[in-house]
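Before any comments, here is the structure.
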Amino acid sequence: MSSADDIDHSELVATKAWDSSLFKRLFRYVRPHKPLFFASFAVLLLLFAGELLGTRIWRGAIDGPIKDAAGQADKSPYLSELYLWVGGYLALIVFTTVLRYFETATLTKTGQAIVHDLRSAVFRHIQRLDLGFFDKRPTGSLVTRVTTDIENLSEMFTSGVIVLLFDLIKVVVVLAILFTINVKLALITVATTPILIAVSLSFRGGARRAHREVRARLAKLNGYLQEVLNGIRVVQVFRREERVGQRFDEALREYFIANKKTIFLFALFFPAMSFAVYIIQGAALWAGVRAIVDVNLTYGEFVQFWLLLNMLVRPIRELGERYNILQSAFASAERVFQVLDTKPEVVSPARPRAIAAAGTSPHVVFEDVHFRYVKDTPVLKGVSFEIPPGKTVAVVGATGAGKSTLVNLLLRYYDVSSGRILLDGEDVREVDLESMRSRFGLVLQEDFLFAGTVRDNLVMEREGVTEGSLETALEAAQALDLVERMDGGLDAEVAERGSTFSTGERQLLAMARALAANPDLVILDEATAAVDSATEHKIERATARLLAGRSALVIAHRLSTIRDADEILVMARGEIRERGTHAELLAQDGLYAKLHALQFTGAA
Amino acid sequence: MAILLRFFRRFLLYKAPLLLGLLSIPLAQLADVGITLLVGNSLDRAKDATDAEWIQTVLLWMAVYAVGHCVMRFYQRWLIVVVSRRVEVDLKNELFKKLTSLPFSFHDRSRSGDVVSRLTSDVEAVRMVLGPGIMYTLGALIIVPISLAILFTIQPLLAVLMVLPMFAMGFTMKLLSGRLHRQSTAVQESIAGISHRAQENFGGIRIVKGYSREDQQARLFEVTSAENRNNQIELGNARGLTNAAIHGSFDTTFAVILAVGGIAAVDRTLPVGDLFKFIDLTLKVFWPLIAIGWILGMLPRAVASGERIEELLDEENSIQDGDLKLDVSEIEGSVAFENVSFTYERGTRPALSGISVQIAAGETLGIVGPTGSGKSTLLNLVGRLFEADSGHVLVDDHSVRDLPLDTLRGSLGYVPQDSFLFSEAYDENIRFGADGEISDEEIDRLIERVAMKDEVAEFSEGKKTLVGERGVTLSGGQRQRTCIARALARNPKILVLDDCLSAVDTETERQLLGSLQAAGHGRTVLVAAHRLTTVQRAHKILVLTAEGGVETIGTHEELRSRPGWYADTWEQQQRTESLAQSIEREVAEAANASAGRQA
């Protein structure tokens, strides 16, 4: 496997380290936090001024009392002058030490305030996108938009953009000050500094690639480890311990080789930087000593020069790293803005048409509905039916017949390709999404519970869910036992994705959730997973209660739940093949009747 | 600490690079100190000099030191850190070997996330302290005393006084390292929280949208995100404090030099060149001192990690090889359970109690019963994934404990309930089962036998297609059939099928059972099943009770006519055969019929 295959391609989106249009857009998120942003700038500025002043104090003390005391018998006036310098220096230390605290603290605060806003905005936006958008992308890559990408941007705000800008200012200002001390020394420094910058920048690309490869190899290694642990039973029963050991060792070697490359680069980088610094120092010593001999340079000036030189090295050494931070931040920004630029198509109309208020069972009509998820693959081919107020329509059919698509369209997860769906006479595309959906109660395949308490999951902060309605809903859904058995009852914690509950239990809770807000229209897309017969029986009873007196669309796999439906649609390949009540369909002696017979005489 | 020394012994396997690397540390540091002395001396010499020609000789020496320093510095990192990575490879391999050899009961009780972190974060913590950690510590332990000793010979009082703020720095670093560690753990946790929230929301988007809960979810997300922001800010504050402490004490060292050195300089007891040496050497010990603080901060974690690693390495392997000299080829394949009971380590009641049943070589035993009745557990006892607490599990009248593991497991073809496959090429997964080499033709035959031929042909690269995320995602039924092929590749005497047909439709099941019967000819088959049609043709069917005991044993015909769990379940399963599945078959048959008419 080539190394390119192992690398996350999304990391390769942008390679630019600076993109001003992106930056302008990012700056919009800075605006609300301008005071903080400028405060960080002020702290950095003051700190820098303090550092510069420190070097000036050394020069002052050496060229002042220390120099002047030479050959003097009475040292006391010089000593008092020295104490003044020391006092000033101590005061400066107190000042810079306080600033050091605020340097990190304020930068972090600024960056975090900005990215929190951005993260919330991105999350809000993603949620509003069409289901088609979610279908096309694995959940993991969407999660990256609000995690890794945002963290990259936060890194850019805390140690990238402001600091980089400041480092550049530092380098320029320090070089300028060098000129005020001694032009010759300054010229030598300006001539040699590019070596330092060149070393720092040339190392950058290699480090980035090397790190990326190490990350990819490590992910592969750990992935394999996890896989073997998951399949340890198979490994042991088949006595393949040695084989997996060899595979692991291979992955480990690849990881080791990638590490070696990184170590080599860093082992080279640090001495190379030192060497470049020694060249500057050597040149400074050469010119400095000559100037001292010629009395063109004082000791104080030389010491200040040396200290300033020291201030130059760090910003330049970190230049490469900052560059990399900016680069990955811009790549992340691009991905984030790509998402923000995606506009949902299924949205509420600007002027929604009024529909009946909650509390009445709606009349639903599907009128010659055609639909395709992807081009050239029609899923529904002219489906028409209606659900009169308070009636139940059930749909049966094979997997892929288009049953769940009916649910998706009624909920307006997608819009129809042609034809229309009417709710109380209004096209669903012309009514307000939220007020429409809030009248529905739904139980979907693979129903989903969120982390939080059971109560949170049932209520979901919906208006119209009261303690009373919750109780009724739990009872109707046959879920009271279940809740009572739980430690903490309704306030018991639900694990991620509800993994502590069995499929059947999750379904009962989902039914209670659907009922709790007293929905006008119930949509049931029944799960296919096998549940034990006791639970099955419970679910059947719950369903009957759920549907009583409400309009309902039921996708069914079990006969008993649909026998009492007002109309049963038999679907195959995107069309309705047969329709009628249970009795009518049996009398028709068609597909349904055959299936019914099959089911009750035993399939095997 | 003793524990870290034990780990350090592993470094001694690489004596040559390690010693050379350690040796290069003092050389690099001495060269660096030498440069400071050269510059300081030159400054004093320049004062009274009339010309500057001698500076060229000084620069030459400086160049020699500089080259020496850089070369040594390259080698110290290159040699020591690479050795630490080699030790990492050794340690991880050893841990991996240990893990795969530990009995299944160990894996059953430990969470795989914990085990993975032994090999990842724990090994890394130990490596960091012993590899780069020792490099930095040794560097600091050399340059700091040498610098101080040199400065002591110049001005003893100043050298002693400047040590004080350095101690203060080390002390505050140690004080703050706990807080730093706590805060960064909190940050990591809240980042994970954000990730979970997003994962959950995007995964359950249908429910979110269906109930118009976008706003509510966004508010919840903002709370989580704000928690992360606050943690990050707290961490920033802790870092700010640490930075302030480090730089504050460092600057104080300079203040001491300015005051005490300045007084001496005014008194003319300290030449300016020597004052320069104080300044420059202090600049040079700054980073090594910080590194020591950093390593001290990591020590407690590294010790804890080391202890966890040793604990795993010392974990005892309770399942030992039996000492009967018997080869796989000598196994006939009869299996018997004699009054077998078993309780899981954390179990409150026995999973199996008093199970007795036997099946002759070449016959099929079906095992059925309600969920949780111990069907899988019983099967796991045959291959000694778990060991019976009491009673005997016999293969060919030998207790499984007396058989060498190679012989026992070599005669088993096991199909797990979870249909585990590796993310490797499809055919590699089947090859996994065979003890020796196995030809492509044989693989094709196995694929055909489990009714996967047409499906495999449709994979993008046929049987060479990768299984899993990077390749083809197999359906539950396809996985199950592939697992069967893998078990058959072993040509096993005993085939163990753990509810492995639940995800295939009835038609495929019928086909597979026929094929398995052919393949199973001459093999003993132990098959646990949820769906009773799977065991219908077994020579003997064991019905377990919900409590893990034996309800009854008999053939399908006997059990069907005997009132009890089996007869009830049979009736019910016949009735609840999925309607959707039936329609599917009906539609397919109709399509075939019309196609047949046209032809």
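- Considering CG of A:L285 and CD1 of B:I55, their distance stands at 4.0 Å, rounded to 0.5 Å.
- Residues B:V39 and A:W306 have side chains in contact (heavy-atom distance under 4.5 Å, counting atoms from C-beta outward).
- The two atoms that bring A:I263 and B:R85 nearest to each other are CD1-CG, 3.6 Å, heavy atoms only.
- For the set B:L421, B:D435, B:T50, the count of heavy-atom pairs under 4.5 angstrom toward chain A peaks at B:D435.
- At least one side-chain heavy atom of B:W54 sits under 4.5 Å from a side-chain heavy atom of A:V289.
- Looking at B:I279, the atoms closer than 4.5 Å to chain A (heavy atoms on both sides) all sit in the side chain, from C-beta outward.
- Residues A:V146 and B:I194 approach most closely at O-CG2, 3.9 Å, considering heavy atoms.
- Ranked by heavy-atom pairs under 4.5 Å with chain A, the list B:D267, B:T569, B:L412, B:V71 is led by B:D267.
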(request) With side-chain contact (heavy atoms from CB on, under 4.5 Å) as the test, would you mind laying out the steps for B:L220 and A:F450 before giving the verdict? (result) CA-CA 11 Å; B:L220 286 176; A:F450 297 89; over 6 Å; no

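- Looking at B:L59, only its side chain comes within 4.5 Å of chain A, counting heavy atoms on both sides.
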(request) Verify side-chain contact (heavy atoms from CB on, under 4.5 Å) between A:L268 and B:W78, making sure each step is shown before the conclusion. (result) CA-CA 9 Å; A:L268 215 54; B:W78 173 242; over 6 Å; no

(request) Could you please spell out the steps behind the side-chain contact (heavy atoms from CB on, under 4.5 Å) verdict for B:V58 and A:W286? (result) CA-CA 9 Å; B:V58 174; A:W286 177 73; over 6 Å; no

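- Ranked by heavy-atom pairs under 4.5 Å with chain A, the list B:L270, B:N237, B:L119, B:L38 is led by B:N237.
- Residues B:Q232 and A:S154 have side chains that never bring a donor and an acceptor to within less than 3.5 angstrom of each other.
- Atom CD1 of A:I126 and atom CG of B:N201 lie 9.0 Å apart (nearest 0.5 Å).
- The CD1 atom of B:I35 sits 7.5 Å away from the CD atom of A:Q281 when rounded to the nearest 0.5 Å.
- Chosen from A:R119, A:R233, A:R290, the residue pairing most often with chain B at heavy-atom distances under 4.5 Å is A:R233.
- Between A:R100 and B:L241, the closest side-chain pair of non-hydrogen atoms is not below 4.5 Å.
- When the side chain to side chain donor-acceptor pair (under 3.5 Å) test is applied to B:D406, the partners found at least two apart in sequence or on another chain are A:R239.
- For A:A514, the parts lying near chain B are the backbone and the side chain together; criterion is any non-hydrogen pair under 4.5 Å.
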(request) Go through B:R197 and A:T147 one step at a time and tell me if the side-chain contact (heavy atoms from CB on, under 4.5 Å) criterion holds. (result) CA-CA 11 Å; B:R197 273 254 182 257; A:T147 51; over 6 Å; no

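- Looking at B:L405, both its backbone and its side chain come within 4.5 Å of chain A, counting heavy atoms on both sides.
- In this structure, chain B has a heavy atom under 4.5 Å from the side chain of A:L307, while its backbone stays farther away.
- Neither the backbone nor the side chain of A:L92 comes within less than 4.5 Å of any heavy atom in chain B.
- In this structure, chain A has a heavy atom under 4.5 Å from the backbone of B:P103, while its side chain stays farther away.
- In terms of non-hydrogen atom pairs under 4.5 Å with chain A, the most contact-rich of B:Y211, B:Y75, B:F74 is B:Y211.
- Distance CZ/A:R462 to CZ/B:R213: 7.0 Å, rounded to 0.5 Å.
- For the set A:I62, A:L90, A:N222, A:V228, the count of heavy-atom pairs under 4.5 angstrom toward chain B peaks at A:V228.
- Highest contact tally toward chain B, considering only A:I150, A:T104, A:L131, is held by A:T104 [criterion: heavy-atom pairs under 4.5 Å].
- Residues B:R268 and A:Q72 have side chains not in contact (no heavy-atom distance under 4.5 Å, counting atoms from C-beta outward).
- In this structure, the side chains of B:L235 and A:T108 stay at 4.5 Å or more apart for every pair of heavy atoms.
- If you take CD on A:Q112 and OG on B:S225, they are separated by 8.5 Å, rounding to the nearest 0.5 Å.
- No part of B:Y65 comes within reach of chain A, as not one of its non-hydrogen atoms sits under 4.5 angstrom from that chain.
- For A:Y413, the part lying near chain B is the side chain, with the backbone staying farther off; criterion is any non-hydrogen pair under 4.5 Å.
- For chain B, the option among A:K67, A:E151, A:R137 with the highest count of heavy-atom pairs below 4.5 Å is A:E151.
- If you measure heavy-atom distances from A:V244 to chain B, the contacts under 4.5 Å come from both the backbone and the side chain.
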(request) Decide salt bridge (charged side-chain N to carboxylate O under 4.0 Å, His left out) for A:R243 and B:E424; before the verdict, give the C-alpha distance in whole Å, the side-chain angles of both, and the deciding distance to 0.1 Å. (result) CA-CA 13 Å; A:R243 181 186 188 266; B:E424 292 175 2; 3.4 Å; yes

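- Comparing B:P416, B:A66, B:A28 by how many heavy-atom pairs each has under 4.5 Å with chain A, the most go to B:A66.
- Salt-bridge formation is detected for the pair A:R124/B:D215: a Lys NZ or Arg NE/NH1/NH2 atom is positioned less than 4.0 Å from an Asp or Glu carboxylate oxygen.
- Top candidate by heavy-atom pairs under 4.5 Å with chain B, chosen from A:F248, A:Y83, A:Y89, is A:F248.
- Only the side chain of A:V303 comes within contact range of chain B, with at least one heavy atom under 4.5 Å from a heavy atom of that chain.
- Top candidate by heavy-atom pairs under 4.5 Å with chain B, chosen from A:L411, A:N408, A:T106, is A:N408.
- Going from atom CZ of B:R219 over to atom CD of A:E461 covers 5.0 Å, rounded to the nearest 0.5 Å.
- If you measure heavy-atom distances from A:L218 to chain B, the contacts under 4.5 Å come from the side chain alone.
- Using a 4.5 Å cut-off between heavy atoms, A:F102 makes no contact with chain B at all.
- Both the backbone and the side chain of A:L142 come within contact range of chain B, each with at least one heavy atom under 4.5 Å from a heavy atom of that chain.
- Contacts of B:K92 with chain A are made by both backbone and side-chain atoms, with heavy-atom separations under 4.5 Å.
- In this structure the side chain of A:F302 never reaches within 4.5 angstrom of the side chain of B:V272, judged on heavy atoms.
- Using a 4.5 Å cut-off on side-chain heavy atoms (C-beta onward), A:Y278 and B:D32 make contact.
- Neither the backbone nor the side chain of A:A283 comes within less than 4.5 Å of any heavy atom of chain B.
- Residues B:F96 and A:L221 are not in side-chain contact: their nearest non-hydrogen atoms beyond the backbone lie 4.5 Å or more apart.
- The side chain to side chain donor-acceptor pair (under 3.5 Å) search around B:S249 returns none, not counting sequence neighbours.
- Residue A:R128 touches chain B through both its backbone and its side chain, counting heavy-atom pairs closer than 4.5 Å.
- Minimum heavy-atom separation, B:L283 to A:N310: CD2-ND2, 3.4 Å.
- Both the backbone and the side chain of A:F238 come within contact range of chain B, judged by heavy atoms closer than 4.5 Å.
- Heavy-atom pairs under 4.5 Å with chain A peak, among B:R73, B:R239, B:Q56, at B:R73.
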